[in-house]
Amino acid sequence: MAETGEEETASAEASGFSDISDSELVEFLDLEDAKESAVSLSKPGPSSELPGKDDKPVSLQNCKRGLDVLSPMDRFHLKYLYVTDLCTQDWCELQMVYGKELPGSLTPEKAAVLDIGASIHLAKELELHDLVTVPTTTKEDAWAVKFLNILSMVPTLQSEGRIREFPVFGEVEGIFLVGVIDELHYTSKGELELAELKTRRRPVLPLSAQKKKDYFQVSLYKYIFDAMVQGKVTPASLIHHTKLCVDKPLGPSVLRHARQGGVSVKSLGDLMELVFLSLTLSDLPAIDTLKLEYVHQETATTLGTEIVAFEEKEVKSKVRHFVAYWMGRRDPQGVDVEEAWKCRTCDYVDICEWRRSSGMLSSLREPKAKKLK
DNA sequence: ATTGCTGAAGGG
């Protein structure tokens, strides 16, 4: 039966980053001489003739000068981050940065593993509800669909006890985060549990570095979800961070979808108020338990289940450290020497500056530092 | 456009 489980199909490509490859290249080049301030054109050869653009040297120069002072948030034209941005940053900050600068550079092998994981998640979602495609053109439309999803999911959670792919958003330590909770359900004891499924290519439990990242992910979800149901994520804060235009008319397909869902709203502003009321007046509790489940992709065997303790102070200080990079208060860091094994599977190992400087050198000087148990 | 822009997560 067609219980509501909506999802918009935004025409995302048109507004993606694909059309600003020129400036991306400039930004990338600039990374290398970012610390020596006030160099105008330190790369005599290539920079004076970037891909077929000898027509705007002035903007290039402005760009390069500005980059020294622009924060990564500004450089990447971001107003908010995804929860998973901070999680990949937790794995290796520099790898995350390279990933932002050179999008779509995953090896096909990795992409395939991710695709399988995504399809398993999709299959589980479809067990709970159908998907409806709602075409959207503006970001206001896309957010409206997200809000309509919340409006239908909150009562579903309260009546049926289980929902999947619940959108969350809110400010943490000065940065606005957006994410999606894999699953929320009430346990037999009546506790609200967050369940995060992690599928794995090989039938073994993850190393602790991976687990740490997963703990961080679900902890962030709880932090944001709790803030939402406690009324700490206000429409004003949302508007401030996302720069959504609450008065911009919603697209026809979104309006039709809202009407079919029994929601009559004129504007995005109305919708946001409705969401705020739904979140705060539906008797939603804070999340009681955080559960991670590791499952083998091929055989669907459960490899292990972990209950994560929520450590608010640790989560916040970790976010604060990561946000310092995004706000431009510090340079990005690579992994510590003892985690250099991560570089073995990194797509950016050949261009990584970190390996040439600081951390990695000490491992070359001290190769005898083998593990003494 | 002398400018603006975002499905999030996907696994290691």
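Chain letters run A, B, ... following the sequence lines, proteins first, then strands; residues in each count from 1. Keep in mind that what you see is a predicted model, and the values were worked out from it rather than measured. Side chains included, hydrogens not; waters and symmetry mates left out as well; all remaining heavy atoms used.
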Residues in contact with DNA chain B, drawn from [range] - heavy-atom cutoff 4.0 Å:
range: residues 294-302 of chain A; answer: A:Gln297
range: residues 209-238 of chain A; answer: A:Gln210, A:Lys213, A:Gln217, A:Tyr221
range: residues 80-87 of chain A; answer: A:Tyr80, A:Tyr82, A:Val83, A:Thr84
range: residues 106-117 of chain A; answer: A:Lys110, A:Val113, A:Leu114, A:Gly117

OP1 or OP2 of [N] sitting under 4.0 Å from any side-chain N/O of [X]?
X: A:Arg200; N: B:dG12; result: yes
X: A:His77; N: B:dC5; result: no
X: A:Lys146; N: B:dG7; result: no

Is the closest side-chain donor-acceptor distance between [X] and [Y] under 3.5 Å?
X: A:Ser237; Y: A:Glu171; result: no
X: A:Gln217; Y: A:Lys198; result: yes
X: A:His129; Y: A:Glu125; result: yes
X: A:Tyr215; Y: A:Glu311; result: no
X: A:Asp214; Y: A:Tyr294; result: yes

In whole Å, what is the span from the [atom1] atom of [X] to the [atom2] atom of [N]?
X: A:Phe166; N: B:dA8; atom1: CZ; atom2: C1'; answer: 15 Å
X: A:Glu140; N: B:dG4; atom1: CD; atom2: C1'; answer: 12 Å
X: A:Ile120; N: B:dA9; atom1: CD1; atom2: P; answer: 18 Å
X: A:Glu93; N: B:dG12; atom1: CD; atom2: C1'; answer: 18 Å
X: A:Leu205; N: B:dG12; atom1: CG; atom2: P; answer: 11 Å
X: A:Met73; N: B:dC5; atom1: CE; atom2: P; answer: 13 Å
X: A:Arg201; N: B:dG10; atom1: CZ; atom2: P; answer: 18 Å
X: A:Leu70; N: B:dG4; atom1: CG; atom2: P; answer: 14 Å

Any donor-acceptor N/O pair, A:Glu140 side chain to A:Pro249 backbone, under 3.5 Å: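 Pair absent, no side-chain N/O of A:Glu140 close to backbone of A:Pro249.
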Whole-angstrom distance between B:dC5 and B:dA1, as gauged at atom P: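 Result for the P pair: 15 Å, nearest Å.
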- prompt: For atom C1', what is the distance between B:dT6 and B:dT2, given to the nearest Å?
  reply: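 Each nucleotide's C1' atom is 24 Å from the other's.
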task: State the CD1-CG distance between A:Ile287 and A:Leu192, to the nearest 0.5 angstrom.
output: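 Answer rounded to 0.5 Å: 5.5 Å.
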field: Euclidean distance, A:Ile150 CD1 relative to A:Ile163 CD1, rounded to 0.5 Å
entry: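 With rounding to 0.5 Å, CD1 (A:Ile163) is 9.5 Å from CD1 (A:Ile150).
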task: Name the orientation class of the two ring planes belonging to A:Tyr80 and A:Trp143 (parallel below 30°, tilted from 30 to 60°, perpendicular beyond 60°).
output: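 The arrangement is perpendicular - the two ring planes meet at more than 60°.
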- prompt: A:Phe310 vs A:Tyr223 aromatic rings, parallel, tilted or perpendicular, using cut-offs 30° and 60°?
  reply: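 Tilted, since the angle between the ring planes falls between 30° and 60°.
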message: On DNA chain B, does the nearest nucleotide to A:Gly179 precede the nearest nucleotide to A:Arg202 from the 5' side, or the other way round? Give the residue.
response: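 The answer here is A:Gly179.
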query: If you measure from the Lys or Arg side-chain nitrogens to the Asp or Glu carboxylate oxygens, is any gap between A:Lys110 and A:Asp347 under 4.0 Å?
result: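 Looking at A:Lys110 and A:Asp347, the cut-off is met.
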task: May I ask you to say whether A:Asp90 pairs ionically with A:Lys318, meaning some side-chain N is under 4.0 Å from a carboxylate O?
output: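 Judged by the 4.0 Å cut-off on N to carboxylate O distance, A:Asp90 and A:Lys318 do form a salt bridge.
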Listed partners of A:Glu93 passing side-chain hydrogen bond (donor to acceptor under 3.5 Å, both in side chains), at least two apart: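 For A:Glu93 the side-chain hydrogen bond (donor to acceptor under 3.5 Å, both in side chains) partners, ignoring immediate neighbours, are A:Gln89, A:Arg330.
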field: Set of side-chain hydrogen bond (donor to acceptor under 3.5 Å, both in side chains) partners for A:Asp288, sequence neighbours left out
entry: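 side-chain hydrogen bond (donor to acceptor under 3.5 Å, both in side chains) list for A:Asp288, sorted by chain: empty.
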message: Of the options B:dG12, B:dG10, B:dA8, whose atoms approach the side-chain atoms of A:Val180 most closely?
response: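 Output: B:dA8.
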message: Categorize A:Thr199 for me: base, sugar-phosphate, or nothing, with a 4.0 angstrom heavy-atom threshold over every strand shown.
response: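 Answer is sugar-phosphate: A:Thr199 comes under 4.0 Å of backbone atoms only.
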query: Same cluster for A:Val263 and A:Leu281 if Ile/Leu/Val/Met/Phe/Trp/Tyr side chains link at under 4.5 Å?
result: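 No; A:Leu281 is not reachable from A:Val263 via cluster members.
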